[in-house]
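Written below as structure tokens is the structure these notes are about.
As the structure lists them, so they are numbered: ligands from 1, and atoms in each ligand from 1.
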Amino acid sequence: MDPTRRQALALGAAAAAFPATAASLPATPKPSLNALARRGGRRFGSAVGTGWPGRGGGAFADPRYRRIVEGECGLIVPENELKWSWVQPRPGVFDFAAADRLLGWASAHGMAMRGHNLVWHHPHWWPAWVTSHDFGARPASEAERLLTTHIDTVCRRYGARIASWDVINEAVDAGTGEMRETVFSRAMGGRPDDVLDLAFRTARAAVPHCQLVYNDYMSWEPGNEKHRAGVLRLLERLRKRGTPVDALGVQSHIGSGNNPGDPSIFGPHDEGAWRRFLDEVTGMGYQLLITEFDVNDRGIVGDAAARDRAVADYAKAYLDLMLSYRQLGDILAWGMTDDRSWLQERPGRADGRPKRPCPYDAQGRPKPLRAAIAAALAHAPSRHRA
Ligand code: XIL
């Protein structure tokens, strides 16, 4: 093919992917998911990503994606832009440019922004400089200095403009239910709880009015028993020590194929065990949030329509249960359109087709999952009921 023609085709494809003006984009259905959530005293939101450096623009560069979020959401959360590796890519060098762009856009459209996350307590997710950092002769105080500087700097930078923070993400090992060790916990004498206490206390001091959240992915599918038990034990210890934690963020990456050993089709999920888990959490006085909702259809066989139906039914049952808790506040999806979902980069489907885990499809059309979320929100008991 001659280069001019190739270029013309590429431009055509780009134009189709990113329609020229927002005005030419279809409006999202009314009432919006956020309007429906508001009726129950909640908000609906989504993650929005600007894309990894060098890997394209991400969802935020796509006017169609922005239009869907503006139409449906009352709040957003940066998909990656507030994580340690973005905000402090080199020791002592802070970069808030990407998060600021998202916050500016959210504010201009009347949306709030929550913060994710101050400490991703998982060995895999630190920037390389942290993993290879020389903690010196007094490792505990060096670890404390790094943690408090980071949390204090980031929290104070945004102050009241971010009213809810995932202070700690994923500290419990899903396979064993034990606490994960990180470079910081090792430097602090092998006591991961000390890292959590320090993080929450530092955040509380920096932004006293902010909702402070422990966020994790324990779920209702079989195979999550140890993870749930471990999170419960952690939440009990945090309460006992008076660590300032207001809420449990239930990530809610539900469905099939998220974890090794997951069943290849949906269910059977254990509603009883999940309710007992949520009862214990709320019984300790914690609020709940859904922070990263999506439905992995990796294991569902069938055409798009059959998969969409199964995803929607599964989501409806899950959301109905979650919404029966008055302690449940904001609900955020981890992406609004299938093509932008992080799950496309995770292990794929046996038939090689893209996954369909989000409320909108790759063409920006609402799916049965969007209707299921709307129905669950519309019929949810108000969290402020007498
Ligand atoms: C994911 C992002 O979506 C990806 O872009 C990134 O490469 C890895 O992290 N649980 C979390 C989120 O708490 O931060 C993760 O986000 C998804 C799982």
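Considering Arg340, Glu292, Glu79 only, the shortest heavy-atom separation from atom 18 (C) of ligand 1 involves Glu292.
At least one heavy atom of Lys83 lies less than 4.0 angstrom from ligand 1. At least one heavy atom of Trp334 sits closer than 4.0 Å to an atom of ligand 1.
Of the inter-residue distances, the one linking Phe200 atom CZ with Leu118 atom CG reads 9.0 Å to the nearest 0.5 angstrom. Separation of atoms NE2 (His124) and CD (Glu170) is listed at 10.5 Å; rounding is to 0.5 Å. Interatomic distance, Asn169 CG to Tyr217 OH, rounded to the nearest 0.5 Å: 9.5 Å.
Annotation: cation-pi pair Arg239/Tyr286 present, NZ/CZ under 6.0 Å from the ring centroid and within 45° of its normal.
Per-residue contacts place His253 under 4.0 angstrom from the following atoms of ligand 1 (heavy atoms of the residue considered): 10 (N), 18 (C). Near Trp125, meaning under 4.0 Å from one of its heavy atoms, ligand 1 places the atoms 8 (C). Below 4.0 Å from some heavy atom of Glu170 lie the following atoms of ligand 1, by number and element: 10 (N), 11 (C), 13 (O). Set against the non-hydrogen atoms of Asn169, the atoms of ligand 1 under 4.0 Å away are 11 (C), 13 (O).
Taking any N or O of His116, backbone or side chain, at least one lies under 3.5 Å from an N or O belonging to ligand 1.
Heavy atoms of Asn80 found under 4.0 angstrom from ligand 1 belong exclusively to the side chain.
Between Phe96 and Phe94, the ring planes lie parallel to each other; the angle is under 30°, not in the 30° to 60° tilted range. Using cut-offs of 30° and 60° on the angle between ring planes, the pair Phe184 and Trp84 is tilted.
Using a 4.5 Å heavy-atom threshold, the side chains of Val93 and Gln88 count as separate.
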